[in-house]
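Note that this is a predicted model, so its numbers are computed, not measured. We name chains A, B, ... by the order of the sequence lines, and we start the count at 1 in each one. Atoms considered below: every heavy atom in the structure, side chains included; atoms not considered: hydrogens, waters and symmetry mates.
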Protein chains: 2
Amino acid sequence: MADVARQAEVSIKTVSRVVNDEEGVRPQTAAKVRAIIETLGFHRHEGASMLRKGRSTSIGLIVEDLGNPWYSQLAASMEREARSRQHFLLSVSAEGLPEREAELVDALVARRVEGLVVVPASSIPSEAIRRAALQLPVVCVDRPLPGLHADTVLSDNDGGTRSAVEHLAAHRHQHLGFLGDDAAIWTAQRRHTAFVQSYDSLGLPGRPRTALGPYAAGEVSDILQEWCSGTAPVTAVLTSNNRVTLAVIVAVRTLGLDLVVVGYDDFELAEFLDPPITVVHQDPAALGERAVQQIFARLDGDDAEPRTLVLPTRLIVRGSARRAARIGEGRSGDRARHTAS
Amino acid sequence: MADVARQAEVSIKTVSRVVNDEEGVRPQTAAKVRAIIETLGFHRHEGASMLRKGRSTSIGLIVEDLGNPWYSQLAASMEREARSRQHFLLSVSAEGLPEREAELVDALVARRVEGLVVVPASSIPSEAIRRAALQLPVVCVDRPLPGLHADTVLSDNDGGTRSAVEHLAAHRHQHLGFLGDDAAIWTAQRRHTAFVQSYDSLGLPGRPRTALGPYAAGEVSDILQEWCSGTAPVTAVLTSNNRVTLAVIVAVRTLGLDLVVVGYDDFELAEFLDPPITVVHQDPAALGERAVQQIFARLDGDDAEPRTLVLPTRLIVRGSARRAARIGEGRSGDRARHTAS
DNA sequence: TTGAAAGCGTTACCAC
DNA sequence: GTGGTAACGCTTTCAA
């Protein structure tokens with residue numbers, strides 16, 4: 001910037017004004033400065049700016065894995081929303097490890113993000129995030145962090161789960177199974193609980209078959225096979241997220257089971273599988289959008305008590321669960337066919 | 001840091017040494033400093049550090065859309081690779097707009113990323129990226145930027161396309177179609193050319209039917225319907241990427257066409273569609289990994305001429321294309337069935 | 001093993 | 001409209 005000032009024969013301050021599109025610079029002066037900036041290939045040093053201003057016009061996001069479509073949609077929508085306010089999104093993956101998450105919190109705070117959005121890896125707030133929450137707005141997405149003074153944006157796990165169970169029950173499925181992801185994941189637990197409650201409150205017979213991960217290789221297959229055999233075989237299963245849905249689809253197809261699958265989280269092409277997969281849809285993009293809006297609200301001075309926002313889910317019914325259970329029919333190996341009811 | 005120094009009754013420099021795990025601090029001094037850091041909730045200011053050091057231990061990535069699984073896998077693998085060298089990944093979406101890409105290049109350079117990886121939005125290097133390439137290592141991924149002094153990591157578009165066409169021809173498909181993505185995308189063009197060349201060199205009859213986007217709503221359906229009617233109907237189509245594959249699958253299923261689809265880019269569940277989809281698999285994670293390695297090689301002092309790396313593709317054969325063309329058979333509306341040949 | 005002081009590039013404040 | 005100067009928080013250099 002000093003170089004530019006020298007060449008343009010103006011002061012550093014004037015260059016700074018031009019770079020920041022500030023008022024009070026004669027157009028011709030500005031033009032000259034801009035020309036020099038161009039020829040010199042000058043780039044403002046954000047670090048220096050951050051240092052002086054004490055702010056960074058960026059917000060941070062910590063998820064489990066950016067490679068997972070659910071999280072990458074979250075990140076993409078947050079990026080859009082942040083950009084609408086001239087902010088940068090720094091998004092990183094903690095790989096489900098609380099200690100890595102803590103490191104990343106510190107790294108983002110060190111980069112002076114103005115707000116931090118986290119999909120927590122565990123249900124216990126780390127020291128790092130407690131400290132962070134004292135200095136800047138923190139928003140938990142998808143899973144809460146009890147005891148942390150932070151806003152929270154969740155989707156309606158209870159309602160979503162209930163809608164799936166009710167739908168299956170309405171189609172004469174009586175013996176349902178639930179396959180959750182890793183028990184350490186809050187949503188898996190939550191949906192598990194909601195599943196059992198819905199099962200009971202609907203007065204479905206017997207006890208619900210449920211399992212929680214993490215699953216060893218082939219374990220999902222084993223579980224399904226067991227559930228599908230015996231005197232009261234399961235005719236439909238609900239999963240707790242896209243990862244498990246995938247494993248279940250693979251198992252069902254590999255084993256040739258006649259099993260209705262309802263997934264948590266929508267995914268591309270779900271409609272075109274055979275049978276099509278009904279899903280509980282929660283919109284990660286909407287979650288991300290609200291989270292960023294929450295951050296900005298706080299930055300704009302909103303200092304009310306922490307809020308929890310619960311976004312609705314939507315049951316997307318596809319062939320898989322419209323197909324009613326065929327009570328008393330022979331359950332041989334004949335392949336599931338899309339049969340609208 | 002000054003606060004910490006005061007409280008710990010040491011100099012700022014000593015605190016700095018502790019924070020950076022430098023040698024030459026008595027363990028007890030270090031312990032005391034660390035304790036104060038903890039109680040004060042001190043966080044090193046990366047901006048100030050960057051300013052003084054002139055480096056940022058971060059690298060930048062510009063893609064089209066982080067929400068697209070292909071790009072998010074690229075980003076995830078780059079993040080892993082960067083972390084293995086203690087670097088941060090700043091990943092942003094340009095939404096396919098060259099002017100936004102230019103802005104983002106400047107924004108990342110302003111943040112003093114040490115290297116920049118770009119999936120270029122157009123084939124013409126912007127001024128911004130030209131300037132950037134003079135100051136730091138730039139790597140183009142997936143698409144080249146002719147005339148830019150930068151390393152490039154591509155996947156083998158010609159080979160991948162040829163493998164798909166040869167595979168189809170070997171299964172007696174004679175009338176093939178190619179549906180490319182937006183003509184502005186280099187890979188779409190490239191695969192289009194390779195498709196036509198393969199078609200000719202294999203001596204397939206007639207002229208290859210091809211189309212390039214962008215497609216209006218419903219246009220893909222119209223094109224396919226036209227190709228599938230007439231005297232020499234197309235029996236198989238190749239797409240140029242996952243976006244088009246999706247549109248084609250939707251159209252094929254909606255129209256009930258009896259058409260073999262080979263996709264470019266693998267995707268989850270491709271195996272379980274009916275019919276299963278054969279794909280040309282290119283590993284975005286591998287591309288990302290190599291790109292980051294290239295950046296680090298340059299940072300480590302490698303100053304050879306720019307290199308272009310071409311990674312191989314792999315044809316993943318699934319039922320869709322194993323199914324041979326049924327020459328002379330009636331082509332009524334009967335639904336495609338998985339028929340191994 | 002520890003410390004003092006200079007300086008990185010920018011912006012805020014005030015003066016002209 | 002424009003310019004000088006201090007200060008942001010850190011690391012480098014050099015000295016103790």
*Can you spot which of A:Ile59, A:Leu287, A:Leu89, A:Leu61 makes a side chain to side chain contact (heavy atoms under 4.5 Å, CB included) with A:Val292?*
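Of A:Ile59, A:Leu287, A:Leu89, A:Leu61, side chain to side chain contact (heavy atoms under 4.5 Å, CB included) with A:Val292 is met by A:Ile59 alone.
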*When you match B:Arg26 and A:Ala2 each to their closest nucleotide on DNA chain C, which lands nearer the 5' end?*
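Upstream on the strand: B:Arg26.
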Expressed in angstrom and rounded to an integer, what is the separation of [X] atom [atom1] from [N] atom [atom2]?
{"X": "A:Asp21", "N": "C:dT11", "atom1": "CG", "atom2": "C1'", "result": "15 Å"}
{"X": "A:Glu23", "N": "D:dG1", "atom1": "CD", "atom2": "P", "result": "10 Å"}
{"X": "A:Arg55", "N": "D:dC8", "atom1": "CZ", "atom2": "P", "result": "17 Å"}
{"X": "A:Arg111", "N": "D:dG9", "atom1": "CZ", "atom2": "C1'", "result": "16 Å"}

_For B:Glu9, all residues meeting side-chain hydrogen bond (donor to acceptor under 3.5 Å, both in side chains), sequence neighbours excluded_ =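 By the side-chain hydrogen bond (donor to acceptor under 3.5 Å, both in side chains) rule, B:Glu9 matches no residue at all.
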*State which residues pass side-chain hydrogen bond (donor to acceptor under 3.5 Å, both in side chains) with B:Glu101; sequence neighbours excluded, sorted by chain then number.*
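B:Glu101 satisfies side-chain hydrogen bond (donor to acceptor under 3.5 Å, both in side chains) with no residue once adjacent residues are dropped.
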*Pair listing, side-chain hydrogen bond (donor to acceptor under 3.5 Å, both in side chains) test, anchored in residues 86-99 of chain B, at least two apart*: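 Output for this query lists A:Glu79-B:Ser93, A:Arg83-B:Glu95, B:Glu95-B:Arg100.
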*Return each pair, listed once, that meets ring-ring contact (aromatic ring centres under 6.0 Å, His included) where at least one residue sits in residues 11-57 of chain A; pairs must be two or more places apart or across chains.*
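Qualifying pairs: none.
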With the criterion being N/O to N/O and under 3.5 Å, what pairs connect the protein with nucleotides 7-9 of chain C, and how long is each?
from, atom 1, to, atom 2, distance (Å)
C:dG7, N2, B:Arg52, NH1, 3.2
C:dG7, N3, B:Arg52, NH1, 3.4

*Between A:Arg111 and B:Met50, is any pair of side-chain heavy atoms under 4.5 Å apart?*
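A:Arg111 does not reach B:Met50 side chain to side chain.
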_With a 4.5 Å cut-off on side-chain heavy atoms, are A:Pro214 and A:Asp182 touching?_
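With C-beta onward as the side chain, the pair touches.
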*asked:* Report for the helix from C:dT1-D:dA16 to C:dC16-D:dG1: angle between first-end and last-end helix axes, five pairs each, rounded to 10 degrees.
replied: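 Both end axes considered, the difference amounts to 30°.
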*Test salt bridge (charged side-chain N to carboxylate O under 4.0 Å, His left out) applied to A:Glu64 - qualifying residues, sequence neighbours left out*: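 Residues passing salt bridge (charged side-chain N to carboxylate O under 4.0 Å, His left out) with A:Glu64: A:Arg143, A:Arg243.
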*Could you pull out all residues at least two apart from B:Glu114 that satisfy salt bridge (charged side-chain N to carboxylate O under 4.0 Å, His left out)?*
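Scan of B:Glu114 (salt bridge (charged side-chain N to carboxylate O under 4.0 Å, His left out), adjacent residues dropped) gives B:Arg55.
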*Which of residues 28-39 of chain A sit near DNA chain C, with a heavy atom under 4.0 Å from it?*
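Within this stretch, nothing sits under 4.0 Å of the strand.
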Only distances under 3.5 Å count here; give the side-chain donor-acceptor pairs of residues 23-39 of chain A to other protein atoms, sequence neighbours excluded, each with its distance to 0.1 Å.
from, atom 1, to, atom 2, distance (Å)
A:Lys32, NZ, A:Ala8, O, 3.1
A:Glu38, OE2, B:Arg131, NH1, 3.1
A:Thr39, OG1, A:Ile36, O, 3.0

*Check for a donor-acceptor pair, side chain of B:Asn157 on one end and backbone N or O of B:Ser155 on the other, with a separation under 3.5 Å.*
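Present.
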*Using a cut-off of strictly less than 4.0 Å between a heavy atom of the residue and any atom of DNA chain D, enumerate the qualifying residues of residues 5-19 of chain B by number.*
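DNA chain D contact set from residues 5-19 of chain B: B:Ile12, B:Lys13, B:Ser16.
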Below 3.5 Å, can you tabulate the donor-acceptor pairs from side chains in residues 132-141 of chain B to any protein atom, sequence neighbours excluded?
from, atom 1, to, atom 2, distance (Å)
B:Gln135, NE2, A:Gly41, O, 3.2

*Apply side chain to side chain contact (heavy atoms under 4.5 Å, CB included) to the pair B:Asn241 and B:Trp70, showing each step before the final yes or no.*
CA-CA 10 Å; B:Asn241 70 16; B:Trp70 200 91; over 6 Å; no
